Amino acid sequence: YTLFNDGDTLWIGTPSGVMLYRHGHNITPNALAPLQGLTVEGIAKMDDGAIWIATLSGLFRYSGNVLTTFGTKDGLADLRCRLLFQTHAGQILVGTLSGLYAFDNGHFTHLAADTALGHAFITAIVEPRDGELVVGSFDEKFLFLFDGASWHQLTHEQGLPLNTATFMSMDKAGEWLWVAGIRGIYRTRLADLEALAAGQTKTLVPQRILSERGQWSGSAKGVCCNGA
């Protein structure tokens, strides 16, 4: 389900655990044995060199051949972890099937728990500027923007194309946010997204680049499930 290239080692996340491919051989360190039988959705290396592993049965940290398990006792109300992300400042974020969590001093905080984001199936995260976040969810009608102080919910009614965001990225100039998902690919100027969140404009005008079967007006015709 997921791949992570760590130099001479390829980490492979499967529906039944983790496999490491190194110098032409498959290996599984004994320390990773507790992952056997678990569905691995995400693998990421953080700034301190530790490998974090997201599964549908909990979250794990592998460092120095030691595997640490995180669960409800550590603040994760939902153990179905899918997405791992580290901000420019080093903050570790974990996307679950029902909300986004931030890791700090050994404990997880459920972000915006009393909002739609707090119950969202998190599918994509990008940090356009330091401290600013855009988060996608399985609900194709929404994106969520954190401006450094507050979370804002952006909707299809405000001009967002219907699309479950599975990947998001900024261009090199930092001007355009690209969003790929099940229905296709579109881009929008970050400044326009920020203005919408701030209430400075009421409608977003994105550029639709590619869509499934050409269903978006003005977009090129693609095949099913682009970006998934």
Side-chain angles (χ1 to χ4, degrees), residues 1-113 117-118 120-137 146 148 166-170:
Y1 284 176
T2 186
L3 297 172
F4 171 68
N5 185 3
D6 189 24
D8 64 351
T9 302
L10 180 66
W11 290 68
I12 307 170
T14 78
S16 58
V18 168
M19 178 186 300
L20 277 61
Y21 183 79
R22 180 182 299 157
H23 303 310
H25 299 282
N26 297 326
I27 61 172
T28 303
N30 291 334
L32 298 180
L35 298 174
Q36 185 174 358
L38 302 185
T39 300
V40 178
E41 294 278 343
I43 303 173
K45 188 174 186 177
M46 303 306 175
D47 289 345
D48 64 358
I51 301 290
W52 287 67
I53 304 164
T55 81
L56 294 183
S57 303
L59 184 66
F60 300 84
R61 179 182 184 271
Y62 180 71
S63 180
N65 206 33
V66 175
L67 187 69
T68 303
T69 304
F70 297 99
T72 54
K73 70 182 188 309
D74 307 296
L76 285 173
D78 189 343
L79 297 183
R80 298 169 298 171
C81 302
R82 187 177 184 275
L83 188 65
L84 298 163
F85 185 85
Q86 188 168 32
T87 68
H88 300 155
Q91 176 78 70
I92 295 174
L93 301 176
V94 180
T96 74
L97 269 64
S98 58
L100 182 66
Y101 291 80
F103 183 71
D104 188 42
N105 294 324
H107 188 80
F108 290 91
T109 299
H110 193 175
L111 301 178
L117 175 64
F121 178 165
I122 307 301
T123 56
I125 305 173
V126 68
E127 185 179 14
R129 311 182 197 276
D130 289 349
E132 180 182 61
L133 297 169
V134 179
V135 176
S137 77
F146 181 68
T166 55
F167 180 79
M168 295 188 292
S169 181
M170 293 297 300

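Fair warning: this is a prediction, and the values are worked out from it, not measured in the lab.
No side-chain heavy atom of T39 sits less than 4.5 Å from a side-chain heavy atom of S57. For the pair T96/Y101, a side-chain contact is recorded, criterion being any heavy-atom separation below 4.5 Å from C-beta on. Here the side chains of L93 and L100 are in contact, with some heavy-atom distance below 4.5 Å. At a threshold of 4.5 Å between non-hydrogen side-chain atoms, the residues I51 and S63 do not count as touching. Side chains of T123 and V135 form no contact here, defined as non-hydrogen atoms less than 4.5 Å apart.
Counting non-hydrogen atoms of neighbouring residues, nucleotides and ligands closer than 6.0 angstrom, the OH atom of Y21 reaches no more than 12 such neighbours. Counting heavy-atom neighbours within 6.0 Å of H88 NE2, excluding the residue itself, gives a total above 12.
Among all heavy-atom pairs drawn from E127 and E132, the shortest one is CG-O, 3.1 Å. In this structure, C81 and L76 approach most closely via the heavy-atom pair SG-CD1, 4.2 Å. Shown here for L83 and A54, the closest heavy-atom pair between the two residues is N-CB, 4.4 Å. Across H110 and S98, no two heavy atoms sit closer than the pair NE2-O, 3.7 Å. Minimum interatomic distance between A31 and N65 (heavy atoms only, all atoms of both residues): CB-O, 3.3 Å. Considering every non-hydrogen atom in both T72 and L79, the closest pair reads N-CD2, 3.8 Å.
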Exercise for review: Take L35 and L67 through the test side-chain contact (heavy atoms from CB on, under 4.5 Å) and record every step on the way to the result.
Suggested key: CA-CA 10 Å; L35 298 174; L67 187 69; 4.2 Å; yes
Practice item. Give the intermediate values and the outcome of side-chain contact (heavy atoms from CB on, under 4.5 Å) for residues I12 and V18. Key: CA-CA 6 Å; I12 307 170; V18 168; over 6 Å; no
Practice item. Apply side-chain contact (heavy atoms from CB on, under 4.5 Å) to L59 and I53, showing your working. Key: CA-CA 6 Å; L59 184 66; I53 304 164; over 6 Å; no
Practice item. Decide yes or no on side-chain contact (heavy atoms from CB on, under 4.5 Å) for M46 and L84, but give the supporting numbers first. Key: CA-CA 10 Å; M46 303 306 175; L84 298 163; 4.2 Å; yes
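Distance check, rounded to the nearest 0.5 Å: CG of L133 to OG1 of T87 gives 7.0 Å. L3 CG to M19 CE: the interatomic distance, rounded to the nearest 0.5 Å, is 11.5 Å. For the atom pair CG of D47 and CD of Q86, the computed distance is 3.5 Å after rounding to the nearest 0.5 Å. Rounding to the nearest 0.5 Å places OG1 of T14 at 10.5 Å from CD of E41. Interatomic distance, CG of N5 versus CH2 of W11, reported as 12.5 Å (0.5 Å rounding). In this structure, CE on M168 lies 7.5 Å from CD1 on I125, to the nearest 0.5 angstrom.
Under 4.0 Å is where a charged nitrogen must lie from a carboxylate oxygen, and between D48 and R61 at least one such pair does.
Screening T9, L20, L32 for a side chain to side chain contact (heavy atoms under 4.5 Å, CB included) with I27, the sole residue that qualifies is L20. Just one of Y62, F85, F103 meets the ring-ring contact (aromatic ring centres under 6.0 Å, His included) condition when paired with W52; it is F103.
Classification of the F108-F70 ring pair by plane angle, with boundaries at 30° and 60°, yields perpendicular.
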